[in-house]
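Written below as structure tokens is the structure these notes are about.
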Amino acid sequence: MSEHRNNSQKMTYREALRAGIEQCLNDDERTFLMGEDVGRYGGCYGVSKGLFEHYGAERIIDTPLCESGFVGVGIGAALGGMRPIVEVMTVNFSLLAMDQIVNSAATLRHMSGGQLNVPVVIRMACGAGLQLAAQHSHSWENLYAHIPGLKVLSPATHNDARYMLLQAIKDLDPVIIFEHVMLLNNQGEVFSEPEADMEKALVRKQGRDITLLTYGGSLPKVLMAAAELEALNINVEVVDLRCLRPLDTSTILASVKKTHRVIIIDEGWKTGSLAGELSAIIMEQAFWYLDAPVQRICTQEVPIPYPSHLEQAALPQVEKIISCAQRLFEGKQ
Amino acid sequence: MNDKLHLDKAHLLEQLKQMLRIRLFEEKCAELYTQEKIRGFLHLYIGEEAIAVGVMAALSPQDEIVATYREHGHALARGLSMKSVLAEMYGRTNGCSKGRGGSMHLFDKKQHFYGGNAIVGGGLPLAAGLALANKKLKKTAITVCFFGEGAVAEGEFHESMNLAVLWQLPVLFICENNRYAMGTALALSESEINIAKKAQSYGMTAVQVDGMNVVNVEAVTTKAVEHIRTHQQPYFLECKSYRFRGHSSFDGQLYRDKEEVEQWKKHGPVMQLKRWLIQNHQLNEKDLNVIESQIKQEIVEAINFAEQGLWEPVADLCKDVYSPSIQKINGKADQGGLA
């Protein structure tokens with residue numbers, strides 16, 4: 001890796017997100033942050049803490065509780081020449097704004113014959129793990145990754161938390177960014193620049209035996225499993241998708257062609273999941289390279305329950321990844 | 001009535017002509033629909049022409065329009081060419097949205113015409129957002145948002161009214177109250193059938209106007225636009241009107257009596273103005289024939305234009321789902337919202 005790695009800084013994922021927002025606000029006067037409690041309160045998860053005091057009410061806009069209304073306003077403001085960052089407090093509330101995102105933001109460019117474009121960024125917290133129960137623990141990245149016209153990012157590392165927003169705000173099309181709540185407090189390294197274009201998947205760990213495909217909040221679990229598997233003499237490769245639409249198919253396929261075995265780890269429910277889509281892509285384009293059926297580790301098909309032991313049982317876990325990898329690897333012997 | 005409105009014969013004749021353009025154009029569209037030249041949904045504006053024509057006459061070229069799926073009239077009155085509108089309805093590449101949108105999705109960036117939204121209420125937050133951008137960029141342009149009274153029952157109506165007043169956005173809301181949300185009568189969908197009164201409760205000026213009288217609509221709009229530009233505040237007009245045709249081409253109109261329709265037709269916007277002009281010796285049959293034949297000629301030309309339009313090659317199916325990369329378009333990336 002190049003020298004930007006030498007100038008790394010330690011910070012939390014939350015601080016990395018905040019630094020990204022600050023840079024966007026500093027770089028472009030047309031950018032403003034808008035959302036529920038992003039200003040005076042400092043953001044539901046504290047991401048925008050302190051920004052209101054520094055940038056003022058014109059650029060850090062507290063909105064009423066009206067997801068469709070303010071997301072639509074963000075889309076309209078983008079049409080009108082601004083570069084808004086809209087925070088939907090959590091993905092759980094985004095269904096209320098889905099009409100604006102799907103029927104307006106995603107369609108306007110194509111439907112207008114290319115006359116219009118919608119340079120808006122919509123950030124949402126997502127994921128389970130905080131014992132918030134069934135209505136506040138969703139992983140709906142795939143709902144948005146299903147929609148042509150949108151770009152969907154899932155920063156899993158601190159460096160991506162720091163820089164993906166900057167890449168997204170320069171994009172001329174609507175970009176949705178998912179920020180997994182379990183990552184927020186983690187300390188990690190931030191370099192002096194992004195590691196890659198936002199639409200590129202990255203190999204986070206090289207390996208030869210099995211490819212572990214994942215994104216977002218599951219990446220730390222997968223890397224942990226990878227380290228433990230190393231001790232068991234199973235050398236896995238970890239691919240961080242980073243961008244869920246468009247998918248960087250070539251990076252995915254290159255890894256599959258190298259290892260011939262794949263496990264997909266996805267916090268979404270299995271039925272109709274992104275994992276299902278990835279599996280289908282691999283079947284279609286790399287079937288003859290496979291030495292074993294593609295495996296999926298997804299969330300159990302149940303509304304996420306409140307008690308910790310049940311919540312954890314529902315989610316993809318390190319142990320599940322390890323035992324799945326062991327089974328696949330045994331087949332290889 | 002606003003005394004600043006300059007009413008002269010030429011202007012009134014022009015307004016009549018604009019309404020007739022929409023009327024005759026749409027009558028032809030209904031015919032072309034039965035010939036299957038136009039497909040999909042076709043929502044006719046017949047009976048409501050005075051609203052679009054009256055409102056557009058009070059606007060500046062830089063003002064922005066957000067309309068509904070019943071927007072042929074708005075597009076024509078705004079200045080989109082009849083050719084480009086009809087070609088769009090034919091689905092051809094010489095249409096105003098390159099044929100991608102059809103009747104419900106007419107766009108024209110040059111005319112600041114932002115569609116053509118086929119989700120009831122969907123345009124309201126967008127219009128508020130365009131107005132927010134104008135306010136932030138300190139532009140004098142205002143945003144005008146058309147919607148039917150059916151949209152008033154949607155959550156987005158409430159959200160957008162609240163935001164527009166809360167943030168003092170320069171937006172003009174035009175509720176085209178044609179009394180039926182598809183087939184559901186006003187009294188069956190609204191707890192308060194005085195829509196202006198409902199809007200007032202958000203803390204903005206909201207008035208009712210006879211939406212069948214083009215002069216009244218223009219006068220009230222002129223006043224509203226001036227207020228918005230001066231005070232940077234939203235303003236609300238409820239234009240009371242009536243749709244003479246069905247909701248769309250598939251509507252059997254079982255929900256209303258023929259007699260009711262006939263009663264409203266007597267007050268139709270075109271007939272009203274025509275009658276007044278004739279009674280006051282400002283228009284005779286000969287002048288009217290000249291106007292009508294000009295419009296018919298325009299329609300013939302529009303049909304020729306649409307017929308000659310090319311189909312988009314299937315190879316271009318996925319073009320413009322995303323913008324070209326920033327590198328490819330160089331400095332143009334800085335022109336916000338403009339591809």
Legend entry - Partner chain B: residue of G76(A), P84(A), P148(A) with the largest heavy-atom pair count (under 4.5 Å): G76(A)

Inset, instruction - Measure up the Y144(A) and F178(A) rings against each other and bin them: parallel (under 30°), tilted (30 to 60°), perpendicular (over 60°). - result: tilted

Legend entry - Y33(B) (side chain) donor-acceptor with G40(B) (main chain) under 3.5 angstrom: yes

Legend entry - Presence of salt bridge, R30(A) and D28(A), under 4.0 angstrom: yes

Inset, instruction - Keeping the roles fixed (side chain from S48(A), backbone from V38(A)), state whether a donor-acceptor pair exists under 3.5 Å. - result: yes

Legend entry - Salt-bridge criterion met for D197(A) and R242(A) (N-O under 4.0 Å): no

Legend entry - Contact class of S68(A) relative to chain B, heavy atoms under 4.5 angstrom: both

Inset, instruction - Sort out for me which of A106(A), P246(A), G149(A) touches chain B most, counting heavy-atom pairs under 4.5 Å. - result: G149(A)

Legend entry - Which atoms of L150(A) approach chain B - backbone, side chain, both or neither, heavy atom under 4.5 Å: backbone

Legend entry - Which atoms of E58(A) approach chain B - backbone, side chain, both or neither, heavy atom under 4.5 Å: both

Legend entry - Worked verdict on L237(B) versus F173(B) for side-chain contact (heavy atoms from CB on, under 4.5 Å): CA-CA 6 Å; L237(B) 299 183; F173(B) 295 112; over 6 Å; no

Inset, instruction - Give the intermediate values and the outcome of side chain to side chain donor-acceptor pair (under 3.5 Å) for residues N26(A) and Y55(A). - result: CA-CA 9 Å; N26(A) 294 340; Y55(A) 293 95; 2.7 Å; yes

Inset, instruction - Without swapping roles, check the side chain of D62(A) against the backbone of R40(A) for a donor-acceptor pair under 3.5 Å. - result: yes

Legend entry - A78(A) backbone acceptor or donor facing R83(A) side chain under 3.5 Å: no

Inset, instruction - Could you list which of residues 137-166 of chain B have a heavy atom closer than 4.5 Å to any heavy atom of chain A, in residue-number order? - result: L137(B), K139(B), E156(B), E159(B), N162(B), L163(B), L166(B)

Inset, instruction - Report yes if the side chains of L17(A) and L165(A) come closer than 4.5 Å at any heavy-atom pair, otherwise no. - result: no

Inset, instruction - Specify whether F107(B) and H105(B) have parallel, tilted or perpendicular ring planes, treating 30° as the upper limit for parallel and 60° as the lower limit for perpendicular. - result: parallel

Inset, instruction - Look at R123(A) together with E87(A) and state whether they make a salt bridge at an N to O cut-off of under 4.0 Å. - result: yes

Inset, instruction - Residue by residue, scan residues 64-87 of chain B and write down, ordered by number, those that have a heavy-atom distance under 4.5 Å to chain A; if none do, write 'none'. - result: none

Legend entry - K136(B) side chain to A77(A) backbone, donor-acceptor under 3.5 Å: no

Legend entry - Top contributor to chain B interface from I75(A), V120(A), D99(A) [non-hydrogen pairs under 4.5 Å]: D99(A)

Inset, instruction - Using non-hydrogen atoms and a 4.5 Å limit, figure out which bit of T63(A) sits close to chain B: side chain, backbone, both or neither. - result: both

Inset, instruction - Sort by residue number and list every member of residues 117-134 of chain B having a non-hydrogen atom under 4.5 Å from chain A. - result: N117(B), I119(B), G122(B), P125(B), L126(B), A128(B), G129(B), L130(B), L132(B), A133(B)

Inset, instruction - Residue by residue, scan residues 91-101 of chain B and write down, ordered by number, those that have a heavy-atom distance under 4.5 Å to chain A; if none do, write 'none'. - result: C96(B), S97(B), K98(B), R100(B), G101(B)

Legend entry - Within 45° cone of Y90(B) ring axis and under 6.0 Å: K37(B) NZ or CZ: no

Inset, instruction - Kindly check if the number of other-residue, nucleotide or ligand heavy atoms within 6.0 Å of CD (Q135(A)) is above 12? - result: no

Inset, instruction - Taking atom CD of Q200(B) as the centre, report whether more than 12 heavy atoms of other residues, nucleotides or ligands fall under 6.0 Å from it. - result: yes

Inset, instruction - Kindly indicate, with the supporting measurements, whether the criterion side-chain contact (heavy atoms from CB on, under 4.5 Å) is fulfilled by E141(A) and C126(A). - result: CA-CA 8 Å; E141(A) 289 91 331; C126(A) 68; 3.4 Å; yes

Legend entry - Pair F41(B) + H43(B): ring centers closer than 6.0 Å: yes

Inset, instruction - Using atom types as modelled and distance alone, determine if a side-chain donor or acceptor of R18(A) lies under 3.5 Å from a backbone N or O of V47(A). - result: yes

Inset, instruction - Indicate whether the side chain of S273(A) and that of N142(A) have a donor and an acceptor atom separated by less than 3.5 Å. - result: no

